[in-house]
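First up is the structure itself, then whatever we jot down about it.
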Amino acid sequence: PLGFLNSGGLISVAEETNQANNTVLAGNVIKMWQRLYAPYRRAAVWYISPDIETELARLTLVGRNASGNTSTFPTSMVYVPPGGASGSPYGTLMGRPVIVTQHCSAIGDVGDICLCAMNKYICAVKAGGVQSSSSMHLWFDQDTTAFKFRMRVDGQPELDSPITPRAGSTTMSAFVTVAAR
């Protein structure tokens, strides 16, 4: 399978101005959300490296209060930890589930935090499904039977390039990550 990180449809949003190395900021998350094609948001999921989890707990939004002064909003505006207000076994970020996986890149590398609509990833399995075979001859002297299972599979994103909207110039995709920082 090609994977989404190697596809031409992947969008890597730029880091924030003066962003420290190996960090994730609320601005990164908001830019990623903006670049995810709106019709795909309902099925989107965040995949993060385990090291990103502590970064998410520190997220804050800076905005303006009723009198026009700059103020910092609480972290729950962006990230809700597992078992928090949502009561979910997964945390949520922008209302979508956050799945922690060791298969994401190290913090600071492309692919450490990914926003994906996996229903836009096509997976094909060769007809015949799983093929299995066994042999008692391989480890005959150990009274052991060897089993082998084989399945041929391939996959790639549905789109091979980002989507250009009818109005505006900011491209969008089903697969978004943050550039290396």
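Bear in mind that the values here come from a model prediction, so they are computed numbers and not experimental data. These numbers come from the heavy atoms of this one structure, side chains and all, not from hydrogens, waters or symmetry mates.
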**Message:** Can you give me the closest heavy-atom contact between Ala44 and Leu115, atom names plus distance?
**Reply:** CB-CD1, 3.9 Å
**Prompt:** Of all heavy-atom pairs between Cys104 and Ser49, which one has the smallest distance, and what is that distance?
**Reply:** CB-N, 3.6 Å
**Message:** Applying a strict under-4.5 Å side-chain criterion to I, L, V, M, F, W and Y, I'd like to know whether Leu138 and Phe140 cluster together.
**Reply:** no
**Prompt:** In terms of hydrophobic clusters joined by side-chain contacts under 4.5 Å, are Val125 and Leu2 together?
**Reply:** no
Let me have the donor-acceptor pairs involving side chains of residues 141-162, under 3.5 Å, with sequence neighbours excluded, atom names and distances please.
{"residue": "Thr144", "atom": "OG1", "partner": "Gln142", "partner atom": "O", "Å": "3.1"}
{"residue": "Arg150", "atom": "NE", "partner": "Gln131", "partner atom": "OE1", "Å": "3.3"}
{"residue": "Arg150", "atom": "NH2", "partner": "Gln131", "partner atom": "OE1", "Å": "3.2"}

Non-hydrogen side-chain atoms of [X] and [Y] separated by less than 4.5 Å:
X: Thr177; Y: Leu10; result: yes
X: Leu56; Y: Leu93; result: yes
X: Ile163; Y: Tyr40; result: yes
X: Ile99; Y: Tyr90; result: yes
X: Cys114; Y: Phe4; result: yes
X: Tyr121; Y: Pro1; result: yes

What's the separation between atom [atom1] in [X] and atom [atom2] in [Y], rounded to the nearest 0.5 Å?
X: Ile52; Y: Ser105; atom1: CD1; atom2: OG; result: 9.5 Å
X: Ile48; Y: Tyr79; atom1: CD1; atom2: OH; result: 6.0 Å
X: Arg181; Y: Ile107; atom1: CZ; atom2: CD1; result: 6.5 Å
X: Ser173; Y: Ile11; atom1: OG; atom2: CD1; result: 5.0 Å

Taking distance alone, no hydrogens or angles, what donor-acceptor pairs closer than 3.5 Å link side-chain atoms of residues 12-37 to residues at least two apart or in another chain?
{"residue": "Glu16", "atom": "OE2", "partner": "Lys31", "partner atom": "NZ", "Å": "2.8"}
{"residue": "Gln19", "atom": "OE1", "partner": "Glu16", "partner atom": "N", "Å": "2.9"}
{"residue": "Gln19", "atom": "OE1", "partner": "Asn28", "partner atom": "ND2", "Å": "3.1"}
{"residue": "Gln19", "atom": "NE2", "partner": "Thr23", "partner atom": "O", "Å": "2.9"}
{"residue": "Gln19", "atom": "NE2", "partner": "Thr23", "partner atom": "OG1", "Å": "3.2"}
{"residue": "Gln19", "atom": "NE2", "partner": "Asn28", "partner atom": "OD1", "Å": "2.9"}
{"residue": "Thr23", "atom": "OG1", "partner": "Ala20", "partner atom": "O", "Å": "2.7"}
{"residue": "Asn28", "atom": "OD1", "partner": "Leu25", "partner atom": "N", "Å": "2.8"}
{"residue": "Arg35", "atom": "NE", "partner": "Thr171", "partner atom": "O", "Å": "2.6"}
{"residue": "Arg35", "atom": "NH2", "partner": "Thr171", "partner atom": "O", "Å": "3.3"}
{"residue": "Arg35", "atom": "NH2", "partner": "Thr171", "partner atom": "OG1", "Å": "2.7"}

**Prompt:** Under 3.5 Å, is there a donor-acceptor pair between the side chain of Asp112 and the main chain of Gly108?
**Reply:** yes
**Item:** Test side-chain contact (heavy atoms from CB on, under 4.5 Å) applied to Met118 and Tyr47, step by step
**Value:** CA-CA 11 Å; Met118 293 306 289; Tyr47 295 105; 3.6 Å; yes
**Message:** Set out, in order, the CA-CA distance, both residues' side-chain angles and the distance that settles side-chain contact (heavy atoms from CB on, under 4.5 Å) for Trp46 and Ile113, then state yes or no.
**Reply:** CA-CA 7 Å; Trp46 298 86; Ile113 178 169; 4.0 Å; yes
